[in-house]
Amino acid sequence: MKKMDNKPKIIVICGQTGSGKTNLAVQLCKKFKGEIVNADSRQVYKEMNIGTAKGGIQKSKIKNQKFGVPSAQYILDGVPIWLVNIVEPNERYNVGQFKKDAEETIADIISRGKVPFIVGGTGLYIDALVDNYEIPEERTWSDSRKAVNEKTRLRVSLRNSNSKSLAELVDFLGKVDSDAQKIVDLKNRRRVERALEYCLTTGKKFSESRKKGEQKYEVLKIAPLISREKLLEKIGIRVEEMIEQGLEKEVKKLAGKYGWESEAMTGIGYREWGDYFASVGNRHACSKSGKNSHGCSLQSVKDRIKIDTRQYAKRQMTWFKRDKEINWVHPVKSPTSRSAKQFDGVKNEKQAKKLVKKFLG
RNA sequence: GCCGAGGUAGCUCAGUGGUAGAGCGAAGGACUGAAAAUCCUUGCGUCAGCAGUUCAAUUCUGCUCCUCGGCA
């Protein structure tokens, strides 16, 4: 038997926020006995529900013993969904961990005769999984996923050393790994820091680290394509809905519990509230000037969330555009706002179902 | 009606007697352990209108229009 035929099959549903990938995924899962593996870097966090658009995901109450397997903890419209709510809001998650978790989950799903659907908008996570990035074991990353370790200390010292300018870090990198300077974006401090961190913690060269292993899976990639106008409209509606559902309360609770510096508060839908809460009871706390002023009024918070979401969606698009393996499926031209939700994905469904059917053989 | 402040990039505003800039937004791009992150590239716009002074006005002067405060 040929090697290639043995590769397990997975289906990836990716695309911009608000493009309707979740909807599509659910439809496909229902038809093809699928289970969802979340590939969204924010939905992995507990207690972050409204702002990360986890709408519809519920704790599974039914203990499905049919196959003698523990049922999924979470379900979405009847479909099991994994890798959701797995880390605390003040912990840190990353690609390496995701790849590991996803591979385990996929193996589990397949072992039960179901089809894994990787669904999410985090391009890096998806690529790492699909292209099998060789990500070195991170020894200091404890199983409990606590972010306090030797590496973090190094990272912090790199970052907090204001004495070290970017230029100095670049210099340093040159000494440790001269080839790295050719690959790394030297204007991007975070990238330089990472390259250095890699060299210093592993003792190896960063320039030799970015390798792809042999593909583990046979993959079908599908992404819903939505017009810019439609997307902006959807984002607008979504933000309004989040507010109605009590985003403010959720943010307040998280901020109180974990602080504004926590991982949780760096996400879109959360970080925009800083000035708003700071200004409560202090009308002059609002900095009107320049850069990072997110404004004090509810309206300005909403506007900012919308802008941040739009920019994020755009970045996602430039990422996915270059992936030539993606099958873009066009949604049906849908009439208007709220009801449109129901229609988005109708045509997707048909086209996508054909693709999946053919793929699964 | 009077007094004061002002009309400059899509928005908020800097600025100069020799036709202008920052931030935000927008557009495009990158991306191998923070990725909803981080970074890169892109700004001729009747400098409100008209007239005057000047070799030269967006910058000075006058008038007109408009906006915003205060007083009536």
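Because the structure is predicted, anything quoted here is derived from the model rather than measured. Numbers restart at 1 for each chain; the letters A, B, ... are given by sequence-line order, proteins then strands.
- With a 3.5 Å ceiling on both atom-pair distances, B:rG45 lacks any Watson-Crick or G-U wobble partner.
- Here the nucleotide nearest the side chain of A:Arg304, chosen from B:rA30, B:rA26, B:rC24, is B:rC24.
- As judged by a 4.0 angstrom heavy-atom cut-off over every strand, A:Lys99 is placed among residues making no nucleic acid contact.
- Heavy-atom distances to RNA chain B give each of A:Gly123 and A:Val95 a nearest nucleotide, and the one nearer the 5′ end belongs to A:Val95.
- Separating the C1' atom of B:rU41 from that of B:rG7 is a span of 33 Å, rounded to the nearest Å.
- Counting to the nearest Å, the P atom of B:rA35 and the CG atom of A:Asp308 are 16 Å from each other.
- Atom CG in A:Leu124 sits about 15 Å away from atom C1' in B:rC39, given to the nearest Å.
- For the C1' atoms, the distance linking B:rC65 with B:rG28 amounts to 40 Å, nearest Å.
- The nucleotide whose nearest atom lies closest to any side-chain atom of A:Ile307 is, among B:rA35, B:rA26, B:rG28, B:rA26.
- Hydrophobic clustering of Ile, Leu, Val, Met, Phe, Trp and Tyr side chains at less than 4.5 Å, counting indirect connections, keeps A:Ile226 apart from A:Leu232.
- Annotation for A:Gln316 and A:Gln16: closest pair OE1-CA, 3.3 Å, computed over non-hydrogen atoms.
- Of the candidates B:rA35, B:rC40, B:rA34, the closest approach to any side-chain atom of A:Lys187 belongs to B:rC40.
- When the C1' atom is compared between B:rG49 and B:rU67, the two are found 15 Å apart, to the nearest whole Å.
- To the nearest angstrom, P of B:rA30 lies 13 Å from CG of A:Asp127.
- The shortest side-chain heavy-atom distance between A:Lys7 and A:Lys216 does not fall under the 4.5 Å cut-off.
- The aromatic rings of A:Phe277 and A:Trp260 sit tilted relative to each other, their planes meeting at an angle between 30° and 60°.
- A salt bridge does not link A:Lys31 with A:Glu349: every distance from a Lys NZ or Arg NE/NH1/NH2 to an Asp or Glu carboxylate oxygen is 4.0 Å or more.
- Ranked by how close their nearest RNA chain B nucleotide is to the 5' end, A:Thr122 and A:Glu134 are led by A:Glu134.
- Distance from the side chain of A:Gln311 is smallest to B:rA26 among B:rA26, B:rA27, B:rU38.
- Side chains of A:Leu129 and A:Tyr217 form a contact here, defined as non-hydrogen atoms less than 4.5 Å apart.
- Among the nucleotides B:rG29, B:rA34, B:rA27, the one closest to the side chain of A:Thr318 is B:rG29.
- Atom NZ of A:Lys30 has more than 12 heavy atoms from other residues, nucleotides or ligands within 6.0 Å.
- Spacing between B:rG18 and B:rC13 at atom C1', rounded to whole Å, works out to 24 Å.
- Checked against B:rA36, B:rG25, B:rU38, the side chain of A:Tyr312 finds its nearest nucleotide in B:rA36.
- Distance noted for atom P between B:rC11 and B:rU54: 37 Å (whole Å).
- With distances taken from any side-chain atom of A:Asn188 to the nucleotides B:rG25, B:rU38, B:rA35, the minimum falls on B:rU38.
- One finds no salt bridge joining A:Glu250 and A:Lys253 here, because no Lys/Arg side-chain nitrogen approaches an Asp/Glu carboxylate oxygen to under 4.0 Å.
- Look at CG on A:Leu169: it is 14 Å from P on B:rC39, rounded to the nearest Å.
- A:Glu197 places its CD atom 7 Å from the P atom of B:rA34, with the value rounded to the nearest Å.
- Remark: B:rG69 base-pairs with B:rC3. Criterion, Watson-Crick or G-U wobble with two distances under 3.5 Å.
- Proximity of residues 40-57 of chain A to RNA chain B (heavy atom under 4.0 angstrom from any strand atom) is restricted to A:Asp40, A:Ser41, A:Arg42, A:Gly51, A:Thr52.
- Among the protein residues, A:Tyr125 comes within range of the sugar-phosphate backbone only, with heavy atoms under 4.0 Å from sugar or phosphate atoms but none that close to a base.
- Under the Watson-Crick and G-U wobble criteria, each requiring two contacts below 3.5 Å, nucleotide B:rC13 is paired to B:rG21.
- Residue A:Arg315 places its side chain closer to B:rG29 than to any other of B:rC24, B:rA34, B:rG29.
- For B:rC68 and B:rC60, the P atoms lie 24 Å apart once the distance is rounded to whole Å.
- Atom-to-atom, CZ of A:Arg189 to C1' of B:rA35 comes out at 19 Å; the value is rounded to the nearest Å.
- In this structure, A:Leu254 is a member of the same hydrophobic cluster as A:Leu298, with clusters built from ILVMFWY side-chain heavy atoms closer than 4.5 Å.
- Comparing B:rA35 with B:rG23, their P atoms are spaced 27 Å from each other, to the whole Å.
- Distances shorter than 4.0 Å separate none of the side-chain N or O atoms of A:Thr266 from OP1 or OP2 on B:rA36.
- What separates CG of A:Asp185 from P of B:rC39 is a distance of 10 Å, to the nearest Å.
- Only the P atoms considered, B:rC39 is 13 Å distant from B:rG25, to the nearest whole Å.
- Residue A:Lys321 is classed as a sugar-phosphate contact, given heavy-atom separations below 4.0 Å to backbone atoms only.
- The distance between atom CG of A:Asp323 and atom P of B:rG29, rounded to the nearest whole Å, is 15 Å.
- Annotation: the span from A:Leu231 atom CG to A:Leu225 atom CG amounts to 10.0 Å, rounded to 0.5 Å.
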